Asker: 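Handing you a structure now.
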Protein chains: 2
Amino acid sequence: MPHGYDKHAYEPFAVTVDLAVLTVRQGVLHVLLVERGQEPYAGRWALPGGFLLPDESAETAARRELAEETGLDDVCGLDLEQSRTYSEPGRDPRMRVVSVAFTALVPDPPEPRGGGDAARARWLPYGSVGPLAFDHDRILADAHDRVGARLENTHAATAFCPPEFTLGELQQVYEAVWGTALDRPNFRRKVLATPGFVEPVPGAARLTAGRGKPAALYRAGPAAALHPPLLRPSREGSPA
Amino acid sequence: MPHGYDKHAYEPFAVTVDLAVLTVRQGVLHVLLVERGQEPYAGRWALPGGFLLPDESAETAARRELAEETGLDDVCGLDLEQSRTYSEPGRDPRMRVVSVAFTALVPDPPEPRGGGDAARARWLPYGSVGPLAFDHDRILADAHDRVGARLENTHAATAFCPPEFTLGELQQVYEAVWGTALDRPNFRRKVLATPGFVEPVPGAARLTAGRGKPAALYRAGPAAALHPPLLRPSREGSPA
DNA sequence: CCTTTTATAGTCATCGAGACTATAAAAGGG
DNA sequence: CCCTTTTATAGTCTCGATGACTATAAAAGG
């Protein structure tokens, strides 16, 4: 907030929210994208988003847009996190737009309704489509980075799962987001040893994919942060 | 970016940047604050900041404001990171302002010049002054959280130090930001065992505080991220 | 010379985690 | 019904990271 507020001239900007809505389907990370109907970038895929209303916070606007685009009824419980704000002068060729980006993690999603003015909305595998409109490639990549880090330190992975899930499903989330395979017994040991990460659903089991032994079901635990964190295998440099 | 761009009405907003400029002085975390000269919140301390110019990105504006407020000449090399954007409708009583917050880590600082229109600018110990103007208490707390986490995963602590520093000085940074005491031999072992964190300055030593054995000098290493991270001692729940 | 202060070297035990093997419980095919 | 396949779960072994702690070195000050 500027102290010399009243002495300065200031320029008004358009403020929007952009959403990176992520899910894991069949062990593959997917993103919700909309197809642009008009110039600029007509025919290109873009992240859903929209303008802030006059008396909305960015968080409120993001949740409203999320409900409109996904058609989900209970948007309240969803994992929605502000990731970063993009304000480069040339990022929209038409006018000066400052965009607050959000990342939403949703469980097994319904097909998006092409709500409102959307030309077409689809779940697409992460990284499967060419360059997105505007600077949305970078926004999406930043969101992906943050989610990967959040899986290490929080139980955010449970946001990708239904209310009751197996440890195999939870592991698939980690593998899909990180792009690495994990050892199943070690993953299981680590998750169960972390207090508050998951809690068992007594006496419940589910056949995972039709074949094999039924897996026990778990719910998300009360712990927000994981101690110690669940670090991904040596992402860069030497594994020390 | 909204796809139904042209069909929507949108409201223009004022966009500003707010800066949490942090440093460590004598082992104590300090924040750069300015005293407001006018209503609202006249006489209260606030974070420095200002409006975006018409063709500036938020990053550029933040760096410009940083130079103006601190009087530092080489703002280019400073550690400046976007932290979060604040957009609650009532956060400024005069008008609708969306603020992009940044956190800057600076080494042993010069006294701030009360540059431009600033009533007064001072380095104050973190948490030593009462409620700040606007929502700056929360912005500052969020910045502090992020810096604490960044110390775990990156060599950001070196941004608080002069180009050549002792391991004791580096440890003081960690202790000041985290608010915990660390075991000196263990800290030393951990830092030196992390590849790329610091590299020794051959044959150089400095008397740390006048007394005691002179300490070897180190420079910041090339590694951006630390592997494995330097986790702070059991911050919550059980230490596992 | 002795005390104080700070830096640096090392020791020991414990815990986490990667790699791996073994067993249990289901489906499917003969 | 037996046998193979598939997946879940239990357990073992080893190594490395780290917390707690002790010991030595090199300076200043009395």
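Treat the numbers as computed from the prediction; the structure is a model and nothing was measured. Chain A is the first sequence line, chain B the second, and so forth, proteins listed ahead of strands; every chain is numbered from 1.
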Asker: What integer distance in Å separates L230(A):CG from dG18(C):C1'?
Answerer: 13 Å

Asker: Figure out the CZ/P separation between F187(A) and dA17(C), and round it to whole Å.
Answerer: 12 Å

Asker: Whole angstrom is fine here: how far is it from CG in L182(B) over to C1' in dA7(C)?
Answerer: 16 Å

Asker: What pair of heavy atoms forms the shortest contact from R146(B) to S83(B), and how long is it?
Answerer: NH1-O, 3.1 Å

Asker: Can you find a side chain N or O atom of R184(B) that sits less than 4.0 Å from OP1 or OP2 on dA7(C)?
Answerer: yes

Asker: By nearest atom, which of the nucleotides dA26(D), dA17(C), dT18(D) is closest to the K190(A) side chain?
Answerer: dA17(C)

Asker: Could you state the atom-to-atom distance from CG of D183(A) to P of dT12(D) in whole Å?
Answerer: 16 Å

Asker: Look through every strand shown and name the nucleotide pairing with dA19(C) as Watson-Crick or G-U wobble, where both distances are under 3.5 Å.
Answerer: dT12(D)

Asker: Strictly by Watson-Crick or wobble contacts shorter than 3.5 Å, is anything paired with dA27(D), and which nucleotide is it?
Answerer: dT4(C)

Asker: The side chain of K213(A) is closest to which nucleotide in this list: dT7(D), dT6(C), dA17(D)?
Answerer: dT7(D)

Asker: The side chain of P185(B) lies closest to which of these nucleotides: dT21(C), dC21(D), dT18(D)?
Answerer: dC21(D)

Asker: Searching all strands shown, indicate the nucleotide that pairs with dT18(D) (Watson-Crick or G-U wobble; both distances under 3.5 Å).
Answerer: dA13(C)

Asker: Nearest whole Å is fine: how far is dA17(C) C1' from L192(A) CG?
Answerer: 15 Å

Asker: Please work out whether the ring planes of H155(B) and F197(B) are parallel, tilted or perpendicular, with thresholds of 30° and 60°.
Answerer: parallel

Asker: Checking only heavy atoms, does the side chain of N186(A) share a donor-acceptor pair with the base of dA19(C) at less than 3.5 Å?
Answerer: yes

Asker: Does the separation of the ring centres of H144(A) and Y126(A) fall below 6.0 angstrom?
Answerer: yes

Asker: Could you state the CZ-P distance from R232(A) to dG18(C), rounded to the nearest angstrom?
Answerer: 13 Å

Asker: Rounded to the nearest angstrom, tell me the gap between atom CG in L170(A) and atom P in dT7(D).
Answerer: 18 Å

Asker: Kindly indicate whether the side chain of L230(B), heavy atoms from C-beta on, has any atom under 4.5 Å from the side chain of Y174(B).
Answerer: yes

Asker: Distance check, rounded to the nearest 0.5 Å: E59(B) atom CD versus Y86(A) atom OH?
Answerer: 9.5 Å

Asker: So for R189(B) and dG10(C), does any side-chain atom that can act as donor or acceptor lie under 3.5 Å from a complementary atom in the base?
Answerer: no

Asker: Could you state the atom-to-atom distance from OH of Y174(A) to P of dG18(C) in whole Å?
Answerer: 13 Å

Asker: For a quick check of understanding: with a heavy-atom distance under 4.0 Å over all strands, which category does R188(A) fall into, base, sugar-phosphate or nothing?
Answerer: sugar-phosphate

